[in-house]
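Report on one structure; see the data block that follows.
The structure presented is a predicted model; accordingly, all values stated were derived computationally and were not measured. Numbers restart at 1 for each chain; the letters A, B, ... are given by sequence-line order, proteins then strands.
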Amino acid sequence: MQIFNTLGRALENFEPRDPGKVGMYVCGATVQSKPHLGHGRYAVVFDVVRRYLAYIGYDVTYVRNVTDVDDKIIDAANAAGVSTQQIVDEAHEAFLLAYEKLGVLPADIEPRATEHIAQMITMIEQLIAGGHAYEAGGDVYFSVRGFPDYGKLSGRDVDELQSGARIAVGDLKRDPLDFALWKGAKPGEPSWPSPWGEGRPGWHIECSAMAHEYLGTSFDIHGGGNDLIFPHHENEIAQAEAALGIEPFARYWMHNGMMTLTGEKMSKSTGHIIDLLDAVEKYPGLAVRLFYLRTHYRKPLDFSEDALADASASLDRLWSFRRRRPGPVEDVPAEDVMTSFRKVMENDVDVAGAMGVLFDAVREGNRRLDAGESADAWIAAYDEIVDVLGLAEPARGLEDIADSLGELAARFEVGGVTAAALVDALVERRNQARAAKDWAIGDTIRDELGALGVVVEDGADGSAWHRR
RNA sequence: GGCGACGUGGCCGAGUGGUUAGGCAAGGGUCUGCAAAACCCUGUACCCGGGUUCGAUUCCCGGCGUCGCCUCCA
């Protein structure tokens, strides 16, 4: 397949380092506060990349890190008067909940920075030994000008960066461009022992060290938001390639575009955000997921309430198609549908294009069902595509409304062993009433069920119900 | 200022050198006790100005506009 590689800014044929296997490292979040819609986008985008690679037969190792030590976390802990651990745990829990609601599969490995201090120290030692880094007053800095390839990812020129670079008061850098690998501990900060005294790692070194730890040298795909290209990923490359003496650190760099709100980037530092957990509370998590997936992953995506409602309506269309024939189908997926699907996906993961293929299949499937023909091949195609996109309707039980269903059934003098049987009995009772043209009873039962979240729909071949 | 991206029908949004993307919304029809769903039909888009070409929304140049990175950020 073809992937747009930020390193080189071109579409490239994807060839993994080891045949049949893909190692993927995606920059996760700094767990400092609750996630916003932008975090959901990166998570969903790379979740689909991962699923598609697995779908076409690769054995994928998916690593998504958790940054659990940095200035902002320390600030947040101090401001709230709690431990950094508490800030990290609460935020991380919120992220995991959001990922789950969005249908994001758990990472194979979810390494935390604080659990890989030793690997970072090793890498920093390698850098110092190689003359790429220097210790200064308990800090360690990477020497940017000593790494000729610096700027190759972001397209930056070291001499032009010079003017914009700044030195904080008390900084011990030899060159304004240099960045911290290790920061000497200040009072009240979490710290770890090191050859340079107590301290903590700089931001960038964790990804270099952890990606190398789990995926080895020159692994396949490194992903993240495009706001990480500079300086984070540029620095990751510099550190890893200088320390390990390998090139490239990662072979393909993929970056998703930013979420915007009223045309401006969402950013937690400005507070210009929509809370992700709020969004997945108001709309089904998978509607938010579909909202992300309608737009090509590299483009900016503007949030609006209307867009989310639009996505939600689209999702209903998909799901109501599948509900027409519940359960597994035997047929193989319609070949031309799957061919089209793969064709668009091979084009730099054109999920928006895949959406078109999917909806085409849905229309054809619906048409066939209306005509009384078999739509199994299209349902099978639907299942396969929806599985790759992560948009399958989750099974929803009736446990939470079992008591109310019991009361309702009692009112209409029907019974059943399970909650589902109660619904069946109520629908049957309703149809008896309808057969007798007693529309009032029929409509009451439908309305009452609807109030509980059970939607009843009458079709040519009987009435069907589903949980909303 | 440097680097980069984008500008498609009412809205969202793929894609392509010449043949229907798709979704949502809208109008008309079929089905239907009502509702819902579904199907069929309708709207014929590609920022502006040049250029290349038999032909450009698609390639090139210029302009206008919007956005991102250059500082923490998915």
Side-chain angles (χ1 to χ4, degrees), chain A residues 6 9 26-30 32 35-46 64 67 70-72 75 95 151 154-157 159-161 163-166 168 203 223-232 234 255-260 263-270 273 276 290-291 293-296 298-302 304 306-321 323-324 340 344 347 350-360 362-371 434 437-440 442-443 446-447 450 455-460 463-464:
Chain A
T6 306
R9 284 210 184 77
V26 175
C27 277
T30 301
Q32 119 206 2
H36 63 249
L37 271 177
H39 297 113
R41 164 121 99 149
Y42 100 82
V44 166
V45 160
F46 290 106
R64 183 184 61 216
T67 299
D70 92 328
D71 293 352
K72 295 271 178 69
D75 292 347
F95 271 88
S154 57
R156 263 158 241 229
D157 183 273
D159 291 320
E160 285 174 3
L161 282 170
S163 59
R166 47 176 207 184
W203 175 34
N226 70 12
D227 54 348
L228 297 181
I229 295 173
F230 189 90
H232 184 53
E234 193 67 60
H255 292 97
N256 63 279
M258 294 294 102
M259 283 289 310
T260 60
E264 272 177 50
K265 180 188 166 187
M266 277 193 201
S267 170
K268 64 187 168 195
S269 60
T270 58
I273 55 175
L276 181 54
L290 191 151
F291 162 71
L293 294 180
R294 294 192 309 177
T295 303
H296 186 86
R298 283 194 279 118
K299 285 197 168 181
L301 207 204
D302 196 50
S304 74
D306 283 353
L308 225 45
D310 186 316
S312 198
S314 298
L315 189 64
D316 281 343
R317 176 168 169 76
L318 296 178
W319 288 356
S320 40
F321 165 63
R323 286 195 291 250
R324 296 183 72 175
S340 302
V344 295
N347 179 23
D350 179 11
V351 176
M355 228 42 109
V357 174
L358 177 60
F359 279 100
D360 282 341
V362 165
R363 189 187 316 101
E364 177 60 13
N366 271 322
R367 195 195 62 71
R368 285 173 171 265
L369 290 175
D370 280 2
R434 291 175 66 221
K437 296 202 189 295
D438 188 345
W439 311 124
D443 290 350
R446 185 173 62 195
D447 291 347
V455 180
V456 180
E457 291 175 348
D458 305 321
S463 301

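- When each of B:G15, B:C39, B:G33 is scored by its nearest atom to the side-chain atoms of A:Trp439, the top-ranked nucleotide is B:G33.
- Atom P of B:U20 sits at a distance of 12 Å from the matching atom of B:U42, rounded to the whole Å.
- Going from the C1' atom of B:G10 to that of B:G27 covers 13 Å, rounded to whole Å.
- Checked by distance alone, A:Arg446 brings a side-chain donor or acceptor within 3.5 Å of a matching partner on the base of B:A35.
- Distances were taken from every side-chain heavy atom of A:Ala352 (C-beta onward) to each of B:C39, B:C6, B:G13; the shortest belongs to B:G13.
- A:Arg156 comes within contact range of at least one nucleobase, with a heavy-atom separation under 4.0 Å.
- Here A:Arg367 does not pair with A:Asp370 in a salt bridge; the nearest charged N to carboxylate O distance is not below 4.0 Å.
- For B:C72, its base sits under 3.5 Å from the side chain of A:Lys72 at one donor and acceptor pair at least.
- The gap from the C1' atom of B:U8 to that of B:U58 amounts to 11 Å, rounded to the nearest Å.
- Side-chain proximity of A:Leu161 to B:C70, B:A21, B:A74: nearest is B:C70.
- Here the separation of B:G9 from B:G2, taken at their P atoms, is 31 Å to the nearest Å.
- Here A:His296 lies in heavy-atom contact (under 4.0 Å) with sugar-phosphate atoms only.
- Summary of the strand contacts: A:Asp370 and A:Ala307 both lie near RNA chain B, and taking for each the nucleotide with the nearest heavy atom, the more 5' one is attributed to A:Ala307.
- A salt bridge between A:Arg363 and A:Asp360 is present, with a side-chain N of the basic residue lying under 4.0 Å from a carboxylate O of the acidic one.
- Between A:Asp350 and A:Arg298, the residue whose closest nucleotide on RNA chain B is further toward the 5' end is A:Arg298.
- Between A:Arg294 and A:Asp310 the shortest side-chain heavy-atom distance falls below 4.5 Å.
- On the P atoms, B:A21 is 14 Å away from B:U57, given to the nearest whole Å.
- Side-chain atoms of A:Arg323 and A:Glu457, non-hydrogen and from C-beta on, never get closer than 4.5 Å to each other.
- When both pairing distances are held under 3.5 Å, B:A45 makes no Watson-Crick or G-U pair with any nucleotide shown.
- A:Asp306 comes within contact range of no nucleotide atom at all, as no heavy-atom separation falls under 4.0 Å.
- Residue contacts shown for A:Gly263 are limited to sugar-phosphate atoms, with no base heavy atom under 4.0 Å away.
- Contact annotation: side chain of A:Arg434 to base of B:G33, donor-acceptor pair present below 3.5 Å.
- The base of B:C34 sits within donor-acceptor range of the side chain of A:Asp458, with an N or O pair under 3.5 Å.
- Base engagement by A:Gly257 is indicated by at least one non-hydrogen atom pair under 4.0 Å involving a base atom.
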